[in-house]
Amino acid sequence: MKITIMNNKLVPFEHLAEGTVFRDPAENAYYIKTATVVDEDTYAVKWNCLRLDNYTFDCFNPEYKVYPIDNAELIIP
């Protein structure tokens, strides 16, 4: 993946569109926002993003601030 950071402005996770790559400032890890998956029994959000270094699903609070990365390119070797 080629990542170019164009701005350093933190925005709430909920403002990102699905498919947006972003960086978590706490861990300095990169993610891509996915469709939200909800637990059918508890109606709690199970996950809403994919971590790009180990391909595990994760869940961010809607108000949590992240760095969006516009124009990220996925390059498959």
Side-chain angles (χ1 to χ4, degrees):
M1 175 170 285
K2 176 183 172 187
I3 297 175
T4 303
I5 299 173
M6 301 299 284
N7 69 34
N8 288 326
K9 184 179 177 186
L10 286 166
V11 299
F13 177 78
E14 66 186 340
H15 290 184
L16 300 180
E18 289 178 12
T20 301
V21 173
F22 64 94
R23 183 171 61 88
D24 177 6
E27 293 185 30
N28 203 25
Y30 293 92
Y31 295 82
I32 188 167
K33 185 172 181 178
T34 64
T36 301
V37 174
V38 176
D39 185 305
E40 293 178 5
D41 297 325
T42 64
Y43 300 106
V45 175
K46 290 172 79 174
W47 65 73
N48 53 20
C49 61
L50 177 71
R51 187 170 172 151
L52 296 175
D53 62 351
N54 61 11
Y55 305 110
T56 57
F57 286 103
D58 206 341
C59 184
F60 279 79
N61 181 303
E63 294 84 29
Y64 186 75
K65 303 257 183 169
V66 298
Y67 290 107
I69 300 168
D70 299 321
N71 302 321
E73 276 182 68
L74 177 60
I75 301 170
I76 301 172

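These figures come from a predicted structure and were not determined experimentally.
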Asker: Suppose we screen for salt bridge (Lys or Arg N to Asp or Glu O under 4.0 Å). Which residues come up paired with Asp53, at least two apart in sequence or across chains?
Answerer: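 Expected list: Arg51.
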Asker: Please test Val21 against Leu52 for side chain to side chain contact (heavy atoms under 4.5 Å, CB included), starting from the C-alpha separation and ending with a verdict.
Answerer: CA-CA 9 Å; Val21 173; Leu52 296 175; 4.2 Å; yes
Asker: Side chains of Val38 and Lys46, heavy atoms from C-beta outward: is any pair under 4.5 Å?
Answerer: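 Not touching, per the 4.5 Å side-chain cut-off.
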Asker: Residues two or more places apart in sequence or in another chain: which of them pass side chain to side chain contact (heavy atoms under 4.5 Å, CB included) with Pro62?
Answerer: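 For Pro62, the residues satisfying side chain to side chain contact (heavy atoms under 4.5 Å, CB included) (neighbours in sequence not counted) are Glu14.
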Asker: Residues in side chain to side chain donor-acceptor pair (under 3.5 Å) with Asp24, at least two apart?
Answerer: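 Per chain and number, Asp24 pairs via side chain to side chain donor-acceptor pair (under 3.5 Å) with Tyr64.
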Asker: So, taking the atom named CG in Leu10 and the one named CZ in Phe22, what distance separates them when rounded to the nearest 0.5 Å?
Answerer: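 The distance works out to 12.0 Å.
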Asker: Check whether Trp47 and Val66 end up in the same hydrophobic cluster, where Ile, Leu, Val, Met, Phe, Trp and Tyr are linked by side-chain heavy atoms less than 4.5 Å apart.
Answerer: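 No, no single cluster joins them.
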Asker: Would you give the length of the straight line joining atom CG of Asp70 to atom OG1 of Thr20, rounded to the nearest 0.5 angstrom?
Answerer: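 Asp70 CG to Thr20 OG1: 7.5 Å, rounded to 0.5 Å.
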Asker: Once the angle between the rings of Tyr31 and Phe60 is folded into 0 to 90°, is it parallel (under 30°), tilted (30 to 60°) or perpendicular (over 60°)?
Answerer: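 Perpendicular, since the angle between the ring planes exceeds 60°.
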Asker: Residues two or more places apart in sequence or in another chain: which of them pass side chain to side chain contact (heavy atoms under 4.5 Å, CB included) with Ala44?
Answerer: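 By the side chain to side chain contact (heavy atoms under 4.5 Å, CB included) rule, Ala44 matches Thr42.
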Asker: Is a donor on one side and an acceptor on the other found under 3.5 Å between the side chain of Thr34 and the backbone of Asn48?
Answerer: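 Yes.
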Asker: For Glu40, what residues pass the salt bridge (Lys or Arg N to Asp or Glu O under 4.0 Å) criterion, not counting sequence neighbours?
Answerer: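 With sequence neighbours excluded, Glu40 shows a salt bridge (Lys or Arg N to Asp or Glu O under 4.0 Å) to no residue whatsoever.
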Asker: Is there side-chain contact between Leu50 and Phe57, with at least one heavy-atom pair below 4.5 Å?
Answerer: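 The answer is yes, as the side chains (C-beta and beyond) meet within the 4.5 Å cut-off.
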Asker: Please name the pair of heavy atoms, one in Cys49 and one in Cys59, separated by the smallest distance, quoted to 0.1 Å.
Answerer: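 So the minimum-distance heavy-atom pair works out to SG-N, 4.3 Å.
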Asker: Sequence neighbours excluded, which residues qualify as side chain to side chain donor-acceptor pair (under 3.5 Å) partners of Thr56?
Answerer: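 Residues passing side chain to side chain donor-acceptor pair (under 3.5 Å) with Thr56: Asn54.
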Asker: Working note: Val11 + Leu16, criterion side chain to side chain contact (heavy atoms under 4.5 Å, CB included); need CA distance, chi angles, decisive distance, verdict.
Answerer: CA-CA 8 Å; Val11 299; Leu16 300 180; 3.9 Å; yes
Asker: Does NZ or CZ of Lys33 come closer than 6.0 Å to the centre of the six-membered ring of Phe13, within 45° of the ring's axis?
Answerer: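 Geometry flag: set, cation within 6.0 Å and 45°.
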